[in-house]
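Quick notes on the structure that follows.
On a predicted model such as this, the values are computed, not experimentally measured, just so you know. To find a chain, count down the sequence lines: A is the first, B the second, and so on, and within it residues start at 1.
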Protein chains: 2
Amino acid sequence: MSLYKIEINDFFTSAFSVDCVIFGYEDGEIKALLIQRGMEPFKHFWAIPGDLVYPNEDLPDAASRILHELTGLSDVEMHQSHTFGSPERHPQGRVITIAYFALIRITDFEIKASSWAEKAQWVSLNEIPALAFDHSTILSSTYELLKQKLTYEPICFELLPERFTLNELQQLYEYAFNTIMDKANFRKKIKPLHLTPLNERQKNVKHRPAKLFKFDQSEYLKSVQDDNYQFKM
Amino acid sequence: MSLYKIEINDFFTSAFSVDCVIFGYEDGEIKALLIQRGMEPFKHFWAIPGDLVYPNEDLPDAASRILHELTGLSDVEMHQSHTFGSPERHPQGRVITIAYFALIRITDFEIKASSWAEKAQWVSLNEIPALAFDHSTILSSTYELLKQKLTYEPICFELLPERFTLNELQQLYEYAFNTIMDKANFRKKIKPLHLTPLNERQKNVKHRPAKLFKFDQSEYLKSVQDDNYQFKM
DNA sequence: TGACTTATTGTAAAAATTACTATATTTAGT
DNA sequence: ACTAAATATAGTAATTTTTACAATAAGTCA
(Lines give C-alpha, C1' and ligand atoms only; values in the text may rest on other atoms or scores of the structure.)
Protein backbone atom coordinates (compact mmCIF):
# COMPACT_ATOMS: atom_id res chain seq x y z
CA MET A 1 0.00 0.00 0.00
CA SER A 2 1.41 3.30 -1.06
CA LEU A 3 1.60 6.13 1.39
CA TYR A 4 0.41 8.56 -1.20
CA LYS A 5 -2.45 6.81 -2.83
CA ILE A 6 -4.65 4.41 -1.02
CA GLU A 7 -6.80 2.35 -3.33
CA ILE A 8 -10.26 1.31 -2.37
CA ASN A 9 -9.10 -2.30 -2.21
CA ASP A 10 -6.54 -1.43 0.40
CA PHE A 11 -9.43 -0.85 2.76
CA PHE A 12 -10.92 -4.25 2.22
CA THR A 13 -8.20 -6.04 4.12
CA SER A 14 -9.79 -6.22 7.54
CA ALA A 15 -11.82 -8.81 9.33
CA PHE A 16 -14.22 -8.57 12.16
CA SER A 17 -15.38 -10.81 14.88
CA VAL A 18 -18.08 -10.99 17.46
CA ASP A 19 -17.50 -11.82 21.10
CA CYS A 20 -20.37 -13.12 23.19
CA VAL A 21 -20.36 -12.11 26.82
CA ILE A 22 -22.83 -14.46 28.48
CA PHE A 23 -23.76 -13.67 32.05
CA GLY A 24 -25.32 -16.09 34.50
CA TYR A 25 -26.09 -16.08 38.20
CA GLU A 26 -25.30 -18.94 40.55
CA ASP A 27 -24.46 -19.33 44.22
CA GLY A 28 -25.07 -15.65 44.79
CA GLU A 29 -22.52 -14.59 42.20
CA ILE A 30 -22.68 -13.29 38.67
CA LYS A 31 -20.61 -15.45 36.35
CA ALA A 32 -19.44 -15.20 32.78
CA LEU A 33 -19.23 -18.08 30.34
CA LEU A 34 -15.63 -18.45 29.19
CA ILE A 35 -13.86 -20.86 26.89
CA GLN A 36 -10.32 -22.07 26.81
CA ARG A 37 -8.78 -21.51 23.41
CA GLY A 38 -7.52 -24.60 21.63
CA MET A 39 -5.60 -22.77 18.96
CA GLU A 40 -3.23 -19.95 18.33
CA PRO A 41 -3.05 -17.14 19.04
CA PHE A 42 -3.43 -17.20 22.79
CA LYS A 43 -3.68 -20.98 22.76
CA HIS A 44 -4.82 -22.32 26.14
CA PHE A 45 -5.79 -18.87 27.32
CA TRP A 46 -9.26 -18.30 28.65
CA ALA A 47 -11.37 -16.07 26.48
CA ILE A 48 -14.83 -14.78 25.78
CA PRO A 49 -16.43 -17.04 23.18
CA GLY A 50 -16.01 -15.30 19.85
CA ASP A 51 -14.78 -15.78 16.33
CA LEU A 52 -14.53 -14.19 12.92
CA VAL A 53 -17.72 -13.28 11.10
CA TYR A 54 -18.28 -14.73 7.64
CA PRO A 55 -18.09 -12.19 4.84
CA ASN A 56 -21.80 -12.43 4.13
CA GLU A 57 -23.11 -13.04 7.58
CA ASP A 58 -25.14 -10.59 9.59
CA LEU A 59 -23.73 -9.74 13.01
CA PRO A 60 -26.54 -11.15 15.20
CA ASP A 61 -26.51 -14.36 13.15
CA ALA A 62 -22.78 -14.64 13.59
CA ALA A 63 -23.10 -14.15 17.31
CA SER A 64 -25.63 -16.98 17.57
CA ARG A 65 -23.65 -19.30 15.35
CA ILE A 66 -20.35 -18.73 17.08
CA LEU A 67 -21.79 -19.06 20.53
CA HIS A 68 -23.37 -22.33 19.51
CA GLU A 69 -20.23 -23.69 17.87
CA LEU A 70 -18.04 -23.00 20.84
CA THR A 71 -20.30 -23.65 23.80
CA GLY A 72 -23.32 -25.57 22.55
CA LEU A 73 -25.72 -22.81 23.58
CA SER A 74 -28.58 -21.96 21.28
CA ASP A 75 -31.67 -19.77 21.38
CA VAL A 76 -29.95 -17.09 23.39
CA GLU A 77 -31.12 -13.57 22.70
CA MET A 78 -28.11 -11.30 22.53
CA HIS A 79 -27.81 -7.54 22.57
CA GLN A 80 -25.05 -5.37 21.30
CA SER A 81 -22.42 -4.08 23.67
CA HIS A 82 -19.44 -2.01 22.50
CA THR A 83 -17.05 -2.38 19.60
CA PHE A 84 -13.31 -2.69 20.08
CA GLY A 85 -11.00 -1.79 17.27
CA SER A 86 -7.50 -0.95 18.38
CA PRO A 87 -5.10 -1.76 15.52
CA GLU A 88 -2.94 -3.86 17.81
CA ARG A 89 -5.67 -5.86 19.45
CA HIS A 90 -5.22 -8.90 17.22
CA PRO A 91 -1.77 -10.25 16.37
CA GLN A 92 -2.84 -11.68 13.01
CA GLY A 93 -4.16 -8.57 11.38
CA ARG A 94 -6.70 -5.86 11.69
CA VAL A 95 -9.69 -7.38 13.40
CA ILE A 96 -12.27 -5.28 15.09
CA THR A 97 -14.72 -7.02 17.31
CA ILE A 98 -18.30 -6.29 18.19
CA ALA A 99 -19.21 -7.45 21.66
CA TYR A 100 -22.64 -8.91 22.29
CA PHE A 101 -24.06 -9.88 25.62
CA ALA A 102 -26.86 -11.95 27.03
CA LEU A 103 -28.27 -12.91 30.38
CA ILE A 104 -29.29 -16.50 30.82
CA ARG A 105 -30.37 -18.92 33.53
CA ILE A 106 -27.40 -21.16 34.03
CA THR A 107 -29.49 -24.21 34.86
CA ASP A 108 -31.58 -23.90 31.70
CA PHE A 109 -28.66 -24.67 29.43
CA GLU A 110 -26.08 -27.32 29.00
CA ILE A 111 -22.59 -26.14 28.23
CA LYS A 112 -20.53 -28.21 25.86
CA ALA A 113 -17.21 -27.05 24.51
CA SER A 114 -16.69 -27.84 20.86
CA SER A 115 -14.97 -26.65 17.70
CA TRP A 116 -11.69 -25.10 18.78
CA ALA A 117 -12.82 -24.50 22.35
CA GLU A 118 -11.00 -26.88 24.69
CA LYS A 119 -13.24 -26.13 27.62
CA ALA A 120 -16.25 -24.00 28.33
CA GLN A 121 -17.01 -22.99 31.85
CA TRP A 122 -18.84 -20.53 34.04
CA VAL A 123 -16.42 -18.30 35.92
CA SER A 124 -17.35 -15.99 38.75
CA LEU A 125 -16.63 -12.36 37.98
CA ASN A 126 -14.45 -12.33 41.07
CA GLU A 127 -12.21 -15.04 39.68
CA ILE A 128 -11.60 -14.06 36.08
CA PRO A 129 -8.09 -15.05 35.00
CA ALA A 130 -5.96 -13.23 32.46
CA LEU A 131 -7.85 -13.39 29.20
CA ALA A 132 -6.82 -13.58 25.55
CA PHE A 133 -6.59 -10.46 23.41
CA ASP A 134 -8.31 -7.46 25.02
CA HIS A 135 -11.04 -9.66 26.43
CA SER A 136 -10.55 -8.42 29.98
CA THR A 137 -11.48 -4.95 28.82
CA ILE A 138 -14.40 -6.26 26.82
CA LEU A 139 -15.72 -8.21 29.76
CA SER A 140 -15.43 -5.43 32.27
CA SER A 141 -16.91 -2.73 30.08
CA THR A 142 -19.78 -5.02 29.17
CA TYR A 143 -20.38 -5.72 32.84
CA GLU A 144 -20.57 -1.98 33.43
CA LEU A 145 -23.15 -1.78 30.69
CA LEU A 146 -25.11 -4.57 32.34
CA LYS A 147 -25.10 -2.79 35.68
CA GLN A 148 -26.28 0.37 34.02
CA LYS A 149 -29.15 -1.49 32.37
CA LEU A 150 -30.11 -3.15 35.63
CA THR A 151 -30.96 0.27 37.00
CA TYR A 152 -33.63 1.07 34.45
CA GLU A 153 -34.79 -2.22 32.96
CA PRO A 154 -36.16 -5.23 34.82
CA ILE A 155 -33.75 -7.64 33.18
CA CYS A 156 -32.55 -9.23 36.39
CA PHE A 157 -35.21 -11.89 35.90
CA GLU A 158 -33.33 -13.29 32.95
CA LEU A 159 -30.62 -14.31 35.39
CA LEU A 160 -32.81 -15.71 38.14
CA PRO A 161 -34.65 -19.02 37.97
CA GLU A 162 -38.18 -18.66 36.67
CA ARG A 163 -39.48 -19.06 40.22
CA PHE A 164 -37.57 -17.11 42.78
CA THR A 165 -37.92 -15.68 46.26
CA LEU A 166 -37.94 -11.99 46.93
CA ASN A 167 -34.76 -12.42 48.88
CA GLU A 168 -33.01 -13.98 45.92
CA LEU A 169 -34.05 -11.03 43.83
CA GLN A 170 -32.78 -8.62 46.42
CA GLN A 171 -29.47 -10.45 46.77
CA LEU A 172 -28.88 -10.20 43.04
CA TYR A 173 -29.23 -6.43 43.16
CA GLU A 174 -27.11 -6.23 46.27
CA TYR A 175 -24.37 -8.16 44.52
CA ALA A 176 -24.50 -6.09 41.35
CA PHE A 177 -24.63 -2.71 43.04
CA ASN A 178 -22.43 -3.74 45.94
CA THR A 179 -24.84 -2.43 48.54
CA ILE A 180 -27.11 -3.68 51.26
CA MET A 181 -30.79 -2.87 51.09
CA ASP A 182 -33.52 -2.95 53.67
CA LYS A 183 -35.70 -6.00 53.15
CA ALA A 184 -39.03 -4.32 53.80
CA ASN A 185 -38.24 -1.30 51.69
CA PHE A 186 -36.99 -3.41 48.81
CA ARG A 187 -40.36 -5.10 48.65
CA LYS A 188 -42.13 -1.78 48.44
CA LYS A 189 -39.81 -0.72 45.65
CA ILE A 190 -40.67 -3.69 43.46
CA LYS A 191 -44.40 -3.52 44.16
CA PRO A 192 -45.14 -1.81 40.83
CA LEU A 193 -43.70 -4.83 38.99
CA HIS A 194 -46.68 -6.87 40.21
CA LEU A 195 -44.66 -10.03 40.63
CA THR A 196 -46.96 -13.03 40.51
CA PRO A 197 -47.02 -14.95 43.81
CA LEU A 198 -47.11 -18.72 43.35
CA ASN A 199 -48.63 -21.39 45.57
CA GLU A 200 -45.19 -22.75 46.13
CA ARG A 201 -42.47 -22.26 48.66
CA GLN A 202 -38.76 -22.68 48.94
CA LYS A 203 -37.63 -26.28 49.62
CA ASN A 204 -34.85 -27.77 51.69
CA VAL A 205 -34.17 -24.74 53.80
CA LYS A 206 -33.79 -25.07 57.54
CA HIS A 207 -36.11 -22.21 58.37
CA ARG A 208 -39.44 -20.85 57.31
CA PRO A 209 -39.47 -21.20 53.51
CA ALA A 210 -40.14 -18.11 51.48
CA LYS A 211 -42.90 -17.85 48.93
CA LEU A 212 -41.90 -18.17 45.28
CA PHE A 213 -42.73 -15.50 42.74
CA LYS A 214 -42.44 -15.16 39.03
CA PHE A 215 -42.10 -12.18 36.75
CA ASP A 216 -44.71 -11.59 34.10
CA GLN A 217 -43.07 -9.82 31.20
CA SER A 218 -46.29 -9.10 29.34
CA GLU A 219 -47.88 -7.68 32.46
CA TYR A 220 -44.87 -5.42 32.81
CA LEU A 221 -44.98 -4.25 29.21
CA LYS A 222 -48.66 -3.47 29.59
CA SER A 223 -48.08 -1.21 32.59
CA VAL A 224 -45.31 0.54 30.70
CA GLN A 225 -47.73 1.31 27.90
CA ASP A 226 -50.90 1.98 29.85
CA ASP A 227 -49.61 3.71 32.95
CA ASN A 228 -46.47 5.17 31.45
CA TYR A 229 -44.63 3.31 34.18
CA GLN A 230 -40.85 3.57 34.24
CA PHE A 231 -38.95 0.94 36.19
CA LYS A 232 -36.20 2.37 38.34
CA MET A 233 -34.07 0.46 40.81
CA MET B 1 -14.13 -18.92 -1.79
CA SER B 2 -15.00 -22.56 -1.36
CA LEU B 3 -18.06 -23.55 0.55
CA TYR B 4 -16.18 -26.27 2.28
CA LYS B 5 -12.99 -24.64 3.28
CA ILE B 6 -12.76 -21.02 4.17
CA GLU B 7 -9.22 -19.80 4.37
CA ILE B 8 -8.17 -17.23 6.93
CA ASN B 9 -7.54 -14.75 4.12
CA ASP B 10 -11.13 -15.01 3.00
CA PHE B 11 -12.06 -13.21 6.18
CA PHE B 12 -9.78 -10.30 5.56
CA THR B 13 -11.90 -8.89 2.78
CA SER B 14 -14.00 -6.43 4.73
CA ALA B 15 -13.72 -2.77 5.45
CA PHE B 16 -15.13 -0.65 8.18
CA SER B 17 -16.10 2.90 8.56
CA VAL B 18 -17.02 5.33 11.28
CA ASP B 19 -19.98 7.65 11.15
CA CYS B 20 -20.02 10.74 13.30
CA VAL B 21 -23.38 11.83 14.59
CA ILE B 22 -22.88 15.38 15.80
CA PHE B 23 -25.72 16.95 17.74
CA GLY B 24 -26.21 20.63 18.31
CA TYR B 25 -28.95 22.82 19.73
CA GLU B 26 -30.21 26.00 18.14
CA ASP B 27 -33.47 27.92 18.04
CA GLY B 28 -34.98 25.54 20.55
CA GLU B 29 -34.34 22.48 18.42
CA ILE B 30 -31.81 19.69 18.44
CA LYS B 31 -30.03 19.45 15.13
CA ALA B 32 -27.64 17.02 13.52
CA LEU B 33 -24.70 17.92 11.35
CA LEU B 34 -25.16 16.36 7.92
CA ILE B 35 -23.16 16.44 4.72
CA GLN B 36 -24.20 16.11 1.14
CA ARG B 37 -22.24 13.38 -0.58
CA GLY B 38 -20.21 14.43 -3.58
CA MET B 39 -19.45 10.94 -4.82
CA GLU B 40 -20.96 7.57 -5.47
CA PRO B 41 -22.63 5.67 -4.02
CA PHE B 42 -25.56 7.80 -2.94
CA LYS B 43 -24.08 10.82 -4.69
CA HIS B 44 -25.91 14.02 -3.71
CA PHE B 45 -27.70 12.27 -0.87
CA TRP B 46 -27.50 13.73 2.57
CA ALA B 47 -25.59 11.60 5.02
CA ILE B 48 -23.97 11.45 8.40
CA PRO B 49 -20.31 12.43 8.02
CA GLY B 50 -18.35 9.20 7.86
CA ASP B 51 -15.80 7.32 5.85
CA LEU B 52 -13.62 4.25 5.73
CA VAL B 53 -11.05 3.72 8.44
CA TYR B 54 -7.42 3.28 7.44
CA PRO B 55 -6.07 -0.21 7.99
CA ASN B 56 -3.80 0.91 10.80
CA GLU B 57 -5.90 3.61 12.32
CA ASP B 58 -7.58 3.46 15.69
CA LEU B 59 -11.31 4.05 15.68
CA PRO B 60 -11.42 7.26 17.74
CA ASP B 61 -8.60 8.71 15.63
CA ALA B 62 -10.47 7.82 12.49
CA ALA B 63 -13.60 9.48 13.79
CA SER B 64 -11.72 12.71 14.50
CA ARG B 65 -9.89 12.69 11.19
CA ILE B 66 -12.96 11.99 9.11
CA LEU B 67 -15.10 14.52 10.87
CA HIS B 68 -12.42 17.10 10.28
CA GLU B 69 -11.91 16.22 6.63
CA LEU B 70 -15.58 16.47 5.79
CA THR B 71 -16.83 19.27 7.98
CA GLY B 72 -13.82 21.17 9.26
CA LEU B 73 -14.61 20.38 12.87
CA SER B 74 -11.77 19.52 15.20
CA ASP B 75 -11.29 18.95 18.91
CA VAL B 76 -14.64 17.29 19.28
CA GLU B 77 -14.81 14.60 21.91
CA MET B 78 -16.78 11.70 20.54
CA HIS B 79 -18.29 8.68 22.23
CA GLN B 80 -19.18 5.35 20.77
CA SER B 81 -22.74 4.65 19.77
CA HIS B 82 -23.77 1.38 18.09
CA THR B 83 -22.26 -0.67 15.30
CA PHE B 84 -24.18 -1.49 12.15
CA GLY B 85 -23.17 -4.45 10.10
CA SER B 86 -25.87 -5.77 7.86
CA PRO B 87 -24.23 -7.45 4.84
CA GLU B 88 -26.33 -5.38 2.42
CA ARG B 89 -25.82 -2.03 4.02
CA HIS B 90 -23.07 -0.95 1.60
CA PRO B 91 -23.36 -1.54 -2.13
CA GLN B 92 -19.60 -1.76 -2.69
CA GLY B 93 -18.80 -4.59 -0.35
CA ARG B 94 -18.92 -5.64 3.23
CA VAL B 95 -18.52 -2.53 5.29
CA ILE B 96 -19.58 -2.39 8.88
CA THR B 97 -19.75 0.98 10.50
CA ILE B 98 -19.18 2.11 14.03
CA ALA B 99 -21.26 5.11 14.94
CA TYR B 100 -19.79 7.78 17.17
CA PHE B 101 -21.60 10.75 18.56
CA ALA B 102 -20.82 14.08 20.13
CA LEU B 103 -22.65 17.06 21.52
CA ILE B 104 -21.31 20.46 20.60
CA ARG B 105 -22.21 24.11 20.82
CA ILE B 106 -23.12 25.11 17.32
CA THR B 107 -21.83 28.64 17.68
CA ASP B 108 -18.42 27.51 18.91
CA PHE B 109 -17.51 25.90 15.60
CA GLU B 110 -17.34 26.86 12.02
CA ILE B 111 -18.63 24.30 9.57
CA LYS B 112 -16.81 24.00 6.27
CA ALA B 113 -17.56 21.22 3.83
CA SER B 114 -14.45 19.78 2.20
CA SER B 115 -13.01 16.59 0.73
CA TRP B 116 -15.86 14.82 -1.01
CA ALA B 117 -18.55 16.59 1.01
CA GLU B 118 -20.44 19.01 -1.21
CA LYS B 119 -22.17 20.70 1.67
CA ALA B 120 -22.21 20.45 5.42
CA GLN B 121 -25.15 21.78 7.32
CA TRP B 122 -27.07 21.61 10.55
CA VAL B 123 -30.46 20.00 10.09
CA SER B 124 -33.21 19.98 12.65
CA LEU B 125 -34.18 16.49 13.76
CA ASN B 126 -37.69 17.30 12.63
CA GLU B 127 -36.54 17.92 9.09
CA ILE B 128 -34.17 15.09 8.32
CA PRO B 129 -34.44 14.08 4.65
CA ALA B 130 -33.90 10.57 3.27
CA LEU B 131 -30.31 9.69 4.05
CA ALA B 132 -27.67 7.59 2.32
CA PHE B 133 -27.07 3.96 3.27
CA ASP B 134 -28.74 3.04 6.58
CA HIS B 135 -27.96 6.45 8.02
CA SER B 136 -31.55 7.14 8.99
CA THR B 137 -31.42 4.15 11.30
CA ILE B 138 -28.03 5.16 12.65
CA LEU B 139 -29.21 8.67 13.37
CA SER B 140 -32.43 7.69 15.09
CA SER B 141 -30.92 4.98 17.24
CA THR B 142 -28.11 7.29 18.25
CA TYR B 143 -30.64 9.95 19.18
CA GLU B 144 -32.39 7.40 21.38
CA LEU B 145 -29.06 6.73 23.05
CA LEU B 146 -28.59 10.45 23.60
CA LYS B 147 -32.00 10.79 25.21
CA GLN B 148 -31.24 7.86 27.46
CA LYS B 149 -27.97 9.47 28.52
CA LEU B 150 -29.66 12.78 29.16
CA THR B 151 -31.65 11.13 31.95
CA TYR B 152 -28.65 10.12 34.02
CA GLU B 153 -25.76 12.31 32.94
CA PRO B 154 -25.62 16.11 32.95
CA ILE B 155 -24.47 16.30 29.35
CA CYS B 156 -27.07 18.81 28.22
CA PHE B 157 -24.55 21.55 28.96
CA GLU B 158 -22.44 20.44 26.03
CA LEU B 159 -25.28 21.55 23.80
CA LEU B 160 -26.10 24.83 25.48
CA PRO B 161 -23.99 27.97 25.26
CA GLU B 162 -21.50 28.25 28.08
CA ARG B 163 -23.73 30.87 29.71
CA PHE B 164 -27.37 29.98 29.67
CA THR B 165 -30.58 30.82 31.45
CA LEU B 166 -32.46 28.30 33.52
CA ASN B 167 -35.31 28.53 31.07
CA GLU B 168 -33.06 27.59 28.19
CA LEU B 169 -31.93 24.58 30.14
CA GLN B 170 -35.49 23.60 30.88
CA GLN B 171 -36.55 24.05 27.27
CA LEU B 172 -33.82 21.71 26.11
CA TYR B 173 -35.12 18.96 28.37
CA GLU B 174 -38.67 19.67 27.39
CA TYR B 175 -37.73 19.33 23.75
CA ALA B 176 -35.79 16.10 24.23
CA PHE B 177 -38.34 14.39 26.45
CA ASN B 178 -41.32 15.93 24.71
CA THR B 179 -42.89 17.09 27.95
CA ILE B 180 -43.73 20.25 29.77
CA MET B 181 -42.27 20.85 33.20
CA ASP B 182 -43.17 23.20 36.00
CA LYS B 183 -40.72 26.06 36.10
CA ALA B 184 -40.36 26.27 39.86
CA ASN B 185 -40.04 22.54 40.32
CA PHE B 186 -37.49 22.25 37.57
CA ARG B 187 -35.28 24.66 39.45
CA LYS B 188 -35.49 22.58 42.56
CA LYS B 189 -34.58 19.50 40.61
CA ILE B 190 -31.35 20.97 39.32
CA LYS B 191 -30.36 22.50 42.65
CA PRO B 192 -27.88 19.70 43.41
CA LEU B 193 -25.91 20.58 40.28
CA HIS B 194 -24.90 23.85 41.96
CA LEU B 195 -24.99 25.83 38.76
CA THR B 196 -22.82 28.91 39.06
CA PRO B 197 -24.83 32.14 38.84
CA LEU B 198 -23.08 34.87 36.87
CA ASN B 199 -23.29 38.64 37.19
CA GLU B 200 -24.78 38.78 33.77
CA ARG B 201 -28.21 38.78 32.31
CA GLN B 202 -29.95 37.96 29.08
CA LYS B 203 -29.75 40.69 26.45
CA ASN B 204 -32.14 41.97 23.82
CA VAL B 205 -35.26 40.48 25.25
CA LYS B 206 -38.39 42.55 25.62
CA HIS B 207 -39.07 41.55 29.19
CA ARG B 208 -37.17 41.12 32.41
CA PRO B 209 -33.91 39.43 31.39
CA ALA B 210 -33.04 36.20 33.13
CA LYS B 211 -29.83 35.63 35.00
CA LEU B 212 -27.13 33.64 33.24
CA PHE B 213 -25.62 30.52 34.76
CA LYS B 214 -22.81 28.23 33.90
CA PHE B 215 -22.16 24.59 34.67
CA ASP B 216 -19.02 23.68 36.59
CA GLN B 217 -17.97 20.20 35.50
CA SER B 218 -15.28 19.79 38.15
CA GLU B 219 -17.69 20.86 40.87
CA TYR B 220 -20.10 18.23 39.62
CA LEU B 221 -17.50 15.48 39.53
CA LYS B 222 -16.48 16.34 43.07
CA SER B 223 -20.00 15.94 44.41
CA VAL B 224 -20.28 12.62 42.59
CA GLN B 225 -17.18 11.43 44.40
CA ASP B 226 -17.65 13.02 47.79
CA ASP B 227 -21.38 12.84 48.29
CA ASN B 228 -22.03 9.82 46.09
CA TYR B 229 -24.43 12.04 44.21
CA GLN B 230 -26.22 10.56 41.24
CA PHE B 231 -27.72 12.97 38.72
CA LYS B 232 -31.22 12.03 37.64
CA MET B 233 -33.53 14.05 35.44
C1' DT C 1 -44.08 -28.40 72.47
C1' DG C 2 -40.86 -24.57 72.37
C1' DA C 3 -36.71 -22.36 70.74
C1' DC C 4 -35.05 -20.49 66.69
C1' DT C 5 -34.83 -18.43 62.25
C1' DT C 6 -36.50 -16.04 58.61
C1' DA C 7 -40.61 -14.17 56.02
C1' DT C 8 -43.80 -10.74 55.88
C1' DT C 9 -46.40 -6.80 57.29
C1' DG C 10 -46.86 -2.38 59.49
C1' DT C 11 -45.89 2.30 61.08
C1' DA C 12 -44.14 6.70 61.77
C1' DA C 13 -40.64 10.09 60.69
C1' DA C 14 -38.08 12.22 57.06
C1' DA C 15 -37.37 13.60 52.48
C1' DA C 16 -38.65 14.53 47.88
C1' DT C 17 -42.09 15.77 44.57
C1' DT C 18 -45.91 18.26 43.02
C1' DA C 19 -49.21 21.89 42.21
C1' DC C 20 -49.92 26.23 42.90
C1' DT C 21 -49.34 31.15 44.78
C1' DA C 22 -46.99 35.34 45.63
C1' DT C 23 -43.59 38.67 44.85
C1' DA C 24 -39.81 41.02 42.44
C1' DT C 25 -37.64 42.88 38.48
C1' DT C 26 -37.06 44.53 34.13
C1' DT C 27 -38.77 46.34 29.42
C1' DA C 28 -41.75 49.08 26.74
C1' DG C 29 -45.07 52.39 26.17
C1' DT C 30 -47.50 56.55 27.61
C1' DA D 1 -41.57 59.11 35.72
C1' DC D 2 -45.21 56.22 35.95
C1' DT D 3 -47.81 52.11 34.49
C1' DA D 4 -48.80 47.87 32.30
C1' DA D 5 -47.06 43.68 30.66
C1' DA D 6 -44.13 39.90 30.86
C1' DT D 7 -41.26 36.95 33.00
C1' DA D 8 -37.88 35.71 36.67
C1' DT D 9 -37.58 34.00 41.10
C1' DA D 10 -38.98 32.50 45.63
C1' DG D 11 -42.21 30.40 48.73
C1' DT D 12 -45.79 27.31 50.65
C1' DA D 13 -48.62 23.56 51.64
C1' DA D 14 -50.43 19.16 50.27
C1' DT D 15 -49.08 14.83 48.52
C1' DT D 16 -46.26 11.11 47.60
C1' DT D 17 -42.15 8.49 48.15
C1' DT D 18 -38.39 6.94 50.79
C1' DT D 19 -36.29 5.51 54.88
C1' DA D 20 -35.51 3.43 59.32
C1' DC D 21 -37.14 0.52 62.40
C1' DA D 22 -40.51 -2.43 64.97
C1' DA D 23 -43.87 -6.09 65.30
C1' DT D 24 -45.90 -10.18 63.99
C1' DA D 25 -46.45 -14.56 61.43
C1' DA D 26 -44.99 -18.93 59.85
C1' DG D 27 -42.21 -22.26 59.06
C1' DT D 28 -37.99 -25.81 60.82
C1' DC D 29 -35.67 -28.53 64.10
C1' DA D 30 -34.77 -30.72 68.41
Side-chain angles (χ1 to χ4, degrees), chain A residues 27-28 150-152 154 160-161 163-175 177-215 223-224 227-233, chain B residues 27-28 150-152 154 156 160-161 163-175 177-215 223-224 226-233:
Chain A
D27 303 329
L150 279 173
T151 67
Y152 60 81
L160 290 172
R163 302 140 189 275
F164 52 86
T165 70
L166 299 183
N167 252 16
E168 287 169 349
L169 179 61
Q170 180 176 346
Q171 280 159 19
L172 172 51
Y173 278 111
E174 289 182 337
Y175 175 91
F177 301 148
N178 195 30
T179 52
I180 293 181
M181 303 176 185
D182 179 273
K183 202 184 287 196
N185 295 339
F186 179 78
R187 283 151 197 253
K188 285 174 206 157
K189 202 162 199 167
I190 59 170
K191 264 274 166 58
L193 285 175
H194 295 112
L195 299 176
T196 317
L198 303 171
N199 285 328
E200 258 183 294
R201 331 186 133 269
Q202 241 176 343
K203 292 238 164 60
N204 299 323
V205 288
K206 52 174 183 284
H207 54 74
R208 174 184 172 185
K211 191 185 284 186
L212 294 177
F213 289 79
K214 70 175 187 185
F215 172 64
S223 72
V224 168
D227 319 338
N228 223 26
Y229 165 64
Q230 165 70 32
F231 174 76
K232 181 80 187 61
M233 177 52 59
Chain B
D27 303 330
L150 278 173
T151 66
Y152 60 83
C156 48
L160 290 172
R163 305 139 187 273
F164 52 86
T165 70
L166 299 183
N167 251 16
E168 287 169 349
L169 180 60
Q170 180 176 346
Q171 279 159 18
L172 172 50
Y173 278 112
E174 289 182 336
Y175 176 92
F177 301 148
N178 195 29
T179 52
I180 294 181
M181 303 176 185
D182 180 273
K183 199 186 287 194
N185 295 338
F186 178 78
R187 282 149 199 252
K188 285 175 207 158
K189 201 161 200 169
I190 60 170
K191 265 274 166 56
L193 285 175
H194 295 111
L195 298 177
T196 317
L198 302 171
N199 286 327
E200 257 182 295
R201 325 186 138 273
Q202 241 176 343
K203 290 238 165 61
N204 299 323
V205 288
K206 51 172 181 280
H207 53 75
R208 174 183 173 184
K211 191 186 283 185
L212 294 177
F213 289 80
K214 70 175 187 185
F215 172 64
S223 72
V224 167
D226 299 352
D227 320 337
N228 221 27
Y229 165 64
Q230 164 70 33
F231 173 76
K232 181 81 183 61
M233 179 49 62

Walk me through it: do A:Phe186 and A:Glu174 pass the test side chain to side chain contact (heavy atoms under 4.5 Å, CB included)?
CA-CA 11 Å; A:Phe186 179 78; A:Glu174 289 182 337; over 6 Å; no
B:Met181 CE to C:dA19 P, straight-line distance once rounded to whole Å:
13 Å
In this structure, how many angstroms lie between the P atom of C:dA7 and the CG atom of A:Asp182, rounded?
13 Å
Could you give the NZ-to-C1' distance, from A:Lys183 to D:dT19, as a whole number of Å?
17 Å
Please report, rounded to the nearest Å, how far the P atom of C:dA7 is from the CG atom of A:Leu169.
13 Å
Please find the pair of heavy atoms, one from B:Pro197 and one from B:Lys211, that lie closest to each other, and give the distance.
CB-CD, 3.9 Å
To the nearest angstrom, how far is B:His207 atom NE2 from D:dA8 atom P?
6 Å
Side chain of B:Arg208 only, please: which of C:dA7, C:dT9, D:dA6 is the nearest?
D:dA6
Mapping B:Pro209 and A:Arg187 to their closest nucleotides on DNA chain C, which lands nearer the 5' end?
A:Arg187
The side chain of B:Lys188 is closest to which nucleotide in this list: C:dA19, D:dA8, C:dG10?
C:dA19
Given atom CD1 of B:Ile190 and atom P of D:dT9, what is their separation to the nearest angstrom?
10 Å
d(NZ, B:Lys191; P, C:dT17) in whole Å
13 Å
What's the closest nucleotide to the B:Lys211 side chain, out of C:dT26, D:dT9, C:dT6?
D:dT9
Given D:dA20, D:dT7, C:dA19, identify the nucleotide with an atom nearest to the side chain of B:Asn185.
C:dA19
Step-by-step side chain to side chain contact (heavy atoms under 4.5 Å, CB included) determination, B:His207 to B:Gln202:
CA-CA 10 Å; B:His207 53 75; B:Gln202 241 176 343; 4.1 Å; yes
So if I take every side-chain heavy atom of A:Lys206 and compare against D:dA26, D:dC29, D:dC21, which nucleotide ends up nearest?
D:dC29
What do the steps show when you test B:Ile190 against B:Met233 for side chain to side chain contact (heavy atoms under 4.5 Å, CB included), and what is the final call?
CA-CA 8 Å; B:Ile190 60 170; B:Met233 179 49 62; 4.2 Å; yes
I need the CG-P distance between A:Asn204 and C:dT5, as an integer number of Å.
19 Å
If you compare all heavy atoms of A:Glu168 against all heavy atoms of A:Arg163, which two are closest, and at what distance to 0.1 Å?
OE1-O, 4.4 Å
